[in-house]
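Convention: sequence-line order gives letters A, B, ...; per-chain numbering from 1. On a predicted model such as this, the values are computed, not experimentally measured, just so you know.
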Amino acid sequence: MTFKYNNVYINNTETIAGKKEKEGPLGKIFDKTKQDYYFGEKTWEQAEIKLISENIKELLKKADLTIKDIDLLISGDLLNQIAASNYAASKVDLPFLGIYNACASSVEGLIIASNMIEANQANNVIVEVSSHNNTAEKQFRYPVEYGGPKPKTMTFTATGSAGALLSKNKKGIKVESATIGRVKDSYIKEVFYMGAVMAIAAAETIKEHLEETNRTIDYYDLVLTGDLGKYGKDILKDYLSIEYKIKPNNLDDSACMIYDINNQGVYSGASGPVCLPLVTYSYIFNKMFKGEYKKVLIVATGALMNTTTVNQQMTIPSIAHAISLEVID
Amino acid sequence: MNKEKYIALTDKHKPKENTLKNAIIAFLAGGFMGTLGQLLIDVYTYFFDVPKTMASTFMIITLIFLGCLFTCLGFFDSLVHKLKCGLIIPITGFAHAMMSAALEYRKEGLVTGIGANMFKLAGSVIVFGVVSAYTFGLIRFIIYGG
């Protein structure tokens, strides 16, 4: 399902990244970075709550607005019951929508916000996402200090939060159109091969977006997928060319951009809901403001993994949402 | 794309793990751990006059202690990651699994956190260790009569 927007803009963005992300190739262009995994809090979970709270504050400061100017907060993360978002929302006096599409939450949030703004239901909407390496590892994988061998296909959950302020004011980056993806069965049961789980959803959403907007993939200067990792990216490229004869020369994956994959010990790349917006709101937006990219398709991919059903030998479903961003003329 | 085709595509891009290299590393590291254990037994019997059977117990306690300590100090996980099964199969791996789980849940209370989660990784080792000891003990009893 694809929508077109006439009057929705991402006015401001804010990125806060963790220590390892700071040491990566994009480290210098994030708005704020952290020195450790606690940020002065007692637990990692509280640290993740702080990531979102701080992001909202910094975003408002940047946009020169107060909390009273905001109509709605949309936020998502990886914790059970999206705990980090819920607690962060309890600290601000705002109507709140909590969302979960795993690592596709960022674009899910942007689509909901854009639709509400286009329909005049809200003026200023903040969309937040966060992930924290240690809270995610603890919940989905092994204890953080456990060093058992992991396969090369694994990804490393990025730490950070990314927020965007959307409104009708013609400032920043234009949200041109968006496609809501369908949940796909990936046929994969391996929890350490998320790239393979999500590539199929990414391919189907890209194809649906191109079909419904009547465009070819070359229409975009860049198609940026979420957190497939280097092996997932290759699967997606092959899938698109074998199945739909789409030659994706302008395709890249944000998981391969945050870290120095060969030297930072992150296996096949980054992951987590914050991975894609961290790259988009900093690196990609900078390039768009400089004029290097004019039209960019952002495809957030999420592995809808549940630790119980995976242990019950069920395959992992996945989803991808796409949003088309343009430089304002 | 149907199921078989997609799985074949994902398998094609899956990197191969270097099993031979991993096995050699684990063999050497495991051998080193064995030598270290023997050295500890010798030290305990030679310098502290401990009987040999007791010295083995002391050696195990020492290795468990070191595994736990290094896990808490935060560098044992990268060591395990590099040396793989050379450190996981010996008693150090068991200590590491218990300790890392205990560390992870320490903020969630003594009973609901540490107590309930400490055996998360190591619990199945104990369960199947006991089950197999019982099974093989029974087989031995039936065949040899004790």
Validation row: A/Pro149, B/Ile88 side chains within 4.5 angstrom (heavy atoms) = yes

What pair of heavy atoms forms the shortest contact from B/Thr10 to A/Tyr193, and how long is it?
-> O-OH, 2.7 Å

Taken in chain and number order and not counting sequence neighbours, the residues that satisfy side-chain contact (heavy atoms from CB on, under 4.5 Å) with A/Ser90 are none

Of all the residues in residues 89-107 of chain B, which have a heavy atom that comes within less than 4.5 Å of a heavy atom in chain A?
-> B/His96, B/Ala97, B/Ser100, B/Ala101, B/Leu103, B/Glu104, B/Tyr105, B/Arg106, B/Lys107

So what's closer than 4.5 Å to chain B heavy atoms on A/Gln46: side chain, backbone, both or neither?
-> neither

Structural part of B/Lys12 lying under 4.5 Å from a heavy atom of chain A = side chain

Contact part of A/Ile188 toward chain B, heavy-atom cut-off under 4.5 Å: side chain, backbone, both or neither?
-> side chain

Whatever's closer than 4.5 Å to a heavy atom in chain B on A/Phe192 counts as neither

A/Lys230, part contacting chain B, at a heavy-atom distance under 4.5 Å = neither

Note: B/Glu17-A/Lys150 ion pair, threshold 4.0 Å (strictly below) | no

When the 4.5 angstrom heavy-atom criterion is applied to B/Ser78 and chain A, the contacting part is neither

So, the part of A/Ala203 with a heavy atom under 4.5 Å from chain B: the answer is neither

